[in-house]
Visitor: 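Got a structure here, written out as structure tokens. Questions coming.
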Amino acid sequence: MESKLHIYNTLKRKKELFVPLNPPYVGMYVCGPTVYGEPHLGHARPAITYDILFRYLKYSGYKVRYVRNITDVGHLESDADEGEDKILKKARLEQLEPMEIVQFYTNSYHDKMRELNTLPPSIEPHASGHIIEQQEMVQKILDNGFAYEKNGSVYFDVEKYNKKFQYGKLSGRVVEDLQSNTRDLDGQDQKKNAFDFALWKKAEPEHIMRWPSGWSEGFPGWHLECSVMSTKYLGEKFDIHGGGMDLLFPHHECEIAQSTAANGEEAVQYWMHNNMITIDGQKMGKSLGNFITLDELFSGDHKLLEQAYSPMTIRFFMLQAHYRSTLDFSNEALQAAEKGLNRLFAALETLKKLKTSEKSSFDVQALKQRCFDAIDDDLNTPILFAHLFDGVKYINSVAAGTESISASDLDELKKLYHDFVFEIGGLKDESGIASGGENKLDELMEILLNTRLEAKKNKDFATSDKIRNQLSEAGIVIKDTKDGSEWELK
RNA sequence: GGUCACGUGGCCGAGUGGCUAGGCUCUGGUCUGCAAAACCAGCUACAGCGGUUCGAAUCCGCUCGUGACCUCCA
């Protein structure tokens with residue numbers, strides 16, 4: 001299997017040719033959501049980014065195991081000792097069992113991801129289901145001398161680790177700088193250094209989610225779950241680890257430290273980071289309170305939204321920007337995406353009906369090559385779609401009779417669009433444009449359109465317009481072409 | 001304060017030493033009974049100031065502005 005895919009490796013700060021450790025197998029791990037709230041637009045970014053990667057790797061013939069976790073424990077509200085667990089806090093507020101919260105928002109996350117047409121991961125492990133494994137890794141790190149216990153809690157010894165390995169290599173941070181720049185937080189007097197992080201926390205009496213251990217009755221530190229579950233399902237060394245840029249430090253840095261401290265060598269070959277969605281130039285985030293949930297986007301029920309936006313509009317909107325760039329939310333941009341997507345789908349319908357000629361007036365092979373070059377260049381989907389829109393122009397021109405296409409090129413072009421739009425791009429036509437199937441609606445429409453055509457021939461425009469207008473009110477748009485009329489659902 | 005990004009036309013957003021990005025919008029035209037769609041054409045930008053170069057939006061420096069991370073966040 002020959003891959004031409006290059007991906008930007010955050011660790012090396014450059015694009016590298018992707019070479020799997022054990023082809024044809026590829027292991028990829030992506031940080032999933034902390035299920036304590038409704039999934040928002042920000043969650044869609046990594047989900048779609050790594051979905052494209054997953055789809056493209058599979059398309060290329062790799063056997064991919066895609067692991068995406070659900071964080072349902074151990075995620076502290078703050079790093080301070082009295083910090084509350086996010087899941088727990090919400091549970092207390094709503095008088096529900098913590099696992100009830102977890103289940104509710106996990107379900108919601110799954111629903112929204114399905115609507116965005118992201119493929120489910122191969123394995124979706126929960127942190128709470130891997131407490132034993134997490135304890136084992138804590139013990140391993142303790143045994144290797146890179147952690148210490150204090151009052152029932154276990155902390156990672158960053159300073160000691162940094163003497164043998166390099167802490168901060170992913171984020172470009174230097175331990176000495178961290179020392180002077182880490183903010184003062186309450187309750188960290190137990191730690192040797194402010195930048196040490198918790199592997200195991202002793203639970204305060206009011207803490208509901210707790211598990212017994214040799215150190216204390218408590219719960220695991222947040223960073224631990226990803227190291228543990230990636231190792232368990234992908235091995236001590238695996239290919240790709242993805243996540244949002246905001247997780248780069250400290251989360252991913254700590255993951256590297258934990259895995260290296262436990263296993264003696266680094267686990268991840270390629271680190272990938274998607275950028276943030278912004279709103280008015282500011283990061284959209286839970287803590288900033290400026291987020292829009294996917295539910296609100298799909299329904300249009302939010303004060304900032306001028307209309308509802310379909311899941312595919314959201315998906316296409318994201319694909320029109322590169323995953324490593326920030327993407328600014330606005331109604332205008334989303335509406336532009338919606339129209340552009342409609343134009344693309346309309347061209348795909350046109351593509352089905354094109355008439356072939358002896359020769360093509362356009363180089364379909366070159367277009368195909370440009371598409372592959374784009375996706376191989378660190379998943380450059382905006383360029384990919386720019387090329388696909390060049391093809392749209394060509395398709396429409398063939399339909400208009402100003403360009404021509406050969407039968408073999410037509411087959412090639414159909415496959416090209418099928419592969420890149422649906423299979424790799426993960427878009428689906430939800431507009432209800434008739435897909436050529438023979439059903440009652442098609443028959444009905446044919447009768448109506450023929451009646452209208454007759455009226456037009458007889459110059460009875462009152463009748464023809466009446467049919468068009470009433471259909472339009474019913475959500476069916478008529479387009480007159482040289483060879484008759486076409487229709488589509490709006 | 002430290003570290004790192006970024007600043008592109010009306011909007012979104014690629015590119016990164018010489019060759020049209022693309023989408024949306026707008027204007028004019030073709031087609032059409034009229035529309036819609038489509039096609040053709042136009043509007044042609046790279047924060048500012050210096051420098052390197054035959055040539056810079058692209059490299060270097062400075063200035064201004066914005067953002068991310070440094071605390072939980074996709």
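Below, chains carry the letters A, B, ... as their sequence lines are ordered, and counting in each starts from 1.
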Visitor: Would you indicate which nucleotide in B:rA36, B:rG22, B:rC69 comes nearest to any side-chain atom of A:F249?
Guide: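 The answer is B:rC69, which lies nearest to the side chain.
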Visitor: So A:F291 and A:H40, would you call those rings parallel, tilted or perpendicular, with 30° and 60° as cut-offs?
Guide: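 Plane angle between 30° and 60°, so tilted.
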Visitor: Tell me which nucleotide, if any, is Watson-Crick or G-U wobble paired with B:rA41 when both distances must be under 3.5 Å.
Guide: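 B:rA41 is paired, partner B:rU27.
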Visitor: What is the separation between atom CZ on A:F329 and atom P on B:rG67, rounded to the nearest whole Å?
Guide: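 So the two atoms are 18 Å apart, to the nearest Å.
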Visitor: NZ of A:K414: more than 12 outside heavy atoms within 6.0 angstrom?
Guide: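 More than 12 within 6.0 Å, yes.
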Visitor: Base, sugar-phosphate alone, or nothing: which one does A:I478 contact when heavy atoms must sit under 4.0 Å apart?
Guide: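 Here A:I478 touches the bases of the nucleic acid.
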Visitor: Tell me what A:H40 touches on the nucleic acid: a base, only sugar-phosphate, or nothing, going by heavy atoms under 4.0 Å.
Guide: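 Base contact.
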Visitor: Tell me what A:D465 touches on the nucleic acid: a base, only sugar-phosphate, or nothing, going by heavy atoms under 4.0 Å.
Guide: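 The residue A:D465 makes base contact.
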Visitor: Just say parallel, tilted or perpendicular for the rings of A:H223 and A:H251, cut-offs at 30° and 60°.
Guide: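 It falls in the tilted class, 30° to 60°.
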Visitor: For A:K393, answer base if it contacts any base atom (sugar-phosphate contacts may also be present), sugar-phosphate if it contacts only those atoms, and nothing otherwise; contact means non-hydrogen atoms under 4.0 Å.
Guide: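 Sugar-phosphate: the residue A:K393, judged by heavy atoms under 4.0 Å, touches backbone atoms but no base.
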Visitor: What is the nucleic acid contact for A:S397, judged by heavy atoms within less than 4.0 Å: base, sugar-phosphate only, or nothing?
Guide: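 Here A:S397 touches the backbone only, sparing every base.
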Visitor: Which class fits the ring pair A:H273 and A:W271: parallel under 30°, tilted 30 to 60°, perpendicular over 60°?
Guide: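 Correct class here is parallel.
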Visitor: What is the distance, rounded to the nearest whole Å, between atom CD of A:E255 and atom C1' of B:rA74?
Guide: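 Interatomic distance, CD of A:E255 to C1' of B:rA74: 14 Å.
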Visitor: Strictly distance-based, threshold 3.5 Å: is any side-chain N or O of A:E253 a donor or acceptor partner for the main-chain N or O of A:G168?
Guide: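 Side chain of A:E253 to backbone of A:G168, a donor-acceptor pair under 3.5 Å: yes, one is there.
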Visitor: Validate the cation-pi geometry between A:R173 and A:F249: distance from NZ or CZ to the six-membered ring centre under 6.0 Å, angle to the ring axis within 45°.
Guide: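 Ring-cation test returns yes.
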Visitor: Phosphate oxygens OP1/OP2 of B:rC24: is one of them under 4.0 Å from a side-chain N or O of A:R343?
Guide: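 Answer is yes, contact under 4.0 Å.
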Visitor: For a quick test of reading the model: is some side-chain N or O of A:N380 closer than 4.0 Å to OP1 or OP2 of B:rG15?
Guide: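 So the side chain of A:N380 is within the cut-off, an N or O lying under 4.0 Å from OP1 or OP2 of B:rG15.
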Visitor: Take atom CZ of A:R173 and atom C1' of B:rA5, then tell me their distance rounded to the nearest Å.
Guide: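 To the nearest whole Å, that distance equals 12 Å.
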Visitor: Looking at A:D409 and A:K359, does any basic side-chain N land under 4.0 Å from a carboxylate oxygen?
Guide: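 Salt bridge: no.
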Visitor: Quick check on A:F389: does its CZ atom have over 12 non-hydrogen neighbours (other residues, nucleotides or ligands) under 6.0 Å away?
Guide: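 Yes, because the 6.0 Å sphere around CZ of A:F389 holds more than 12 heavy atoms from other groups.
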Visitor: Mind checking if A:A386 touches a base, just sugar-phosphate, or nothing, with heavy atoms under 4.0 Å?
Guide: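 Base, at least one base heavy atom under 4.0 Å.
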Visitor: If pairing requires Watson-Crick or G-U wobble contacts with both distances under 3.5 Å, which nucleotide is the partner of B:rA21?
Guide: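 Answer to the pairing question: none, since B:rA21 forms no Watson-Crick or G-U pair.
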Visitor: Given the C1' atoms of B:rG2 and B:rC43, what is the spacing between them in whole Å?
Guide: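 Result for the C1' pair: 45 Å, nearest Å.
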Visitor: Nearest-Å distance, CD1 (A:I48) to P (B:rA74)?
Guide: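 Nearest whole value for this atom pair: 15 Å.
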Visitor: Below 3.5 Å, does any donor atom in the side chain of A:N331 face an acceptor in the base of B:rC12, or the other way round?
Guide: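 By the distance-only test, no, there is no pair.
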Visitor: How many Å lie between CG on A:N193 and C1' on B:rC70, as a whole number?
Guide: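 To the nearest whole Å, that distance equals 16 Å.
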Visitor: Is there a Watson-Crick or G-U wobble partner for B:rC34 with both distances under 3.5 Å, and which nucleotide is it?
Guide: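 When the pairing criteria are applied, nothing turns out to pair with B:rC34, so the answer is none.
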Visitor: Under 4.0 Å, counting only non-hydrogen atoms across every strand here, what does A:N275 touch: a base, just sugar-phosphate, or nothing?
Guide: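 Answer is base: heavy atoms of A:N275 come under 4.0 Å of a base.
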Visitor: P atom, B:rG48 versus B:rA56: distance in rounded Å?
Guide: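 One P to the other, the span is 15 Å.
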Visitor: Which value, in whole Å, describes the distance between the C1' atoms of nucleotides B:rG51 and B:rC40?
Guide: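 Their C1' atoms lie roughly 44 Å apart.
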Visitor: Give A:G281 one of three labels, base, sugar-phosphate or nothing, depending on what nucleic acid heavy atoms sit under 4.0 Å from its own.
Guide: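 Here A:G281 touches the backbone only, sparing every base.
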Visitor: Given atom CG of A:L348 and atom P of B:rA37, what is their separation to the nearest angstrom?
Guide: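 Rounded to whole Å, this separation is 18 Å.
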Visitor: Any base atoms under 4.0 Å from A:F389, or only sugar-phosphate, or nothing? Heavy atoms, all strands.
Guide: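 The residue A:F389 makes sugar-phosphate contact but no base contact.
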Visitor: So, does A:N274 get its side chain near the phosphate of B:rA74, meaning an N or O under 4.0 Å from OP1 or OP2?
Guide: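 So the side chain of A:N274 is outside the cut-off, no N or O lying under 4.0 Å from OP1 or OP2 of B:rA74.
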Visitor: So if I take every side-chain heavy atom of A:K479 and compare against B:rA37, B:rA21, B:rC11, which nucleotide ends up nearest?
Guide: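 Per side-chain heavy atoms of A:K479, the pick is B:rA37.
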Visitor: When the ring planes of A:F372 and A:F420 are compared, do they come out parallel, tilted or perpendicular, using 30° and 60° as the limits?
Guide: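 Rings of A:F372 and A:F420: perpendicular, over 60°.
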Visitor: Under a 3.5 Å limit for both distances, which nucleotide forms a Watson-Crick or G-U wobble pair with B:rU3, could you say?
Guide: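 Check on B:rU3: paired to B:rA68, both distances under 3.5 Å.
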Visitor: Distance check: side-chain N/O of A:S171 vs OP1/OP2 of B:rC4, anything under 4.0 Å?
Guide: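 Answer is no, no contact under 4.0 Å.
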Visitor: For RNA chain B, whose closest nucleotide is more 5', that of A:C31 or that of A:R13?
Guide: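 Its nearest nucleotide being more 5', the pick is A:R13.
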Visitor: With rounding to whole Å, what would you report as the distance between B:rC31 and B:rC26 at their P atoms?
Guide: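 It works out to 22 Å between them.
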Visitor: Quick check on B:rA14: is either OP1 or OP2 less than 4.0 Å from any side-chain nitrogen or oxygen of A:S325?
Guide: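 Answer is yes, contact under 4.0 Å.
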Visitor: Rounded to the nearest Å, what distance is computed from the CG atom of residue A:D378 to the C1' atom of nucleotide B:rG15?
Guide: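 After rounding, the gap between these two atoms is 14 Å.
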Visitor: Could you check how far CG of A:D328 sits from C1' of B:rC6, rounded to whole Å?
Guide: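 From A:D328 CG to B:rC6 C1': 13 Å.
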Visitor: On RNA chain B, compare the nucleotides closest to A:L247 and A:Y394; which residue's is nearer the 5' end?
Guide: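 That would be A:Y394.
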Visitor: Rounding to an integer number of angstrom, what distance separates B:rC12 and B:rG7 when you compare their P atoms?
Guide: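 Looking at atom P only, B:rC12 and B:rG7 are 13 Å apart.
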Visitor: With rounding to whole Å, what would you report as the distance between B:rA21 and B:rA57 at their C1' atoms?
Guide: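 Comparing C1' positions in B:rA21 and B:rA57 gives a spacing of 14 Å.
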Visitor: Whom does B:rC59 pair with, Watson-Crick or G-U wobble, provided both distances fall under 3.5 Å?
Guide: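 Its partner is B:rG51 (Watson-Crick or G-U wobble, both distances under 3.5 Å).
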Visitor: Looking at A:K283, does any N or O in its side chain come under 4.0 Å of the phosphate oxygens OP1/OP2 on B:rA74?
Guide: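 Checking A:K283 against B:rA74: no side-chain N or O falls below 4.0 Å of OP1 or OP2.
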Visitor: Evaluate whether the aromatic ring of A:F461 and the six-membered ring of the B:rG33 base sit under 5.5 Å apart, centre to centre, with an inclination under 30°.
Guide: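 Answer is yes, a stack.
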Visitor: Establish, with yes or no, whether the OP1 or OP2 oxygen of B:rU25 is under 4.0 angstrom from a side-chain nitrogen or oxygen of A:K339.
Guide: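 For B:rU25, OP1 or OP2 has a side-chain N or O of A:K339 closer than 4.0 Å.
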Visitor: Write down the distance separating the C1' atoms in B:rG9 and B:rG42, rounded off to the nearest Å.
Guide: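 That atom pair is separated by 14 Å.
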Visitor: If you measure from the C1' atom in B:rG18 to the same atom in B:rG23, how many Å do you get, rounded?
Guide: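 27 Å, rounded to whole Å.
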Visitor: Applying a 4.0 Å non-hydrogen cut-off, can you work out what A:L248 is touching in the nucleic acid: base, sugar-phosphate, or nothing?
Guide: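 Here A:L248 touches no strand at all.
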Visitor: What's the closest nucleotide to the A:P46 side chain, out of B:rA74, B:rG22, B:rA68?
Guide: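 Ranking B:rA74, B:rG22, B:rA68 by closest atom to the A:P46 side chain puts B:rA74 first.
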Visitor: What is the nucleic acid contact for A:I277, judged by heavy atoms within less than 4.0 Å: base, sugar-phosphate only, or nothing?
Guide: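 Contact class for A:I277: base.
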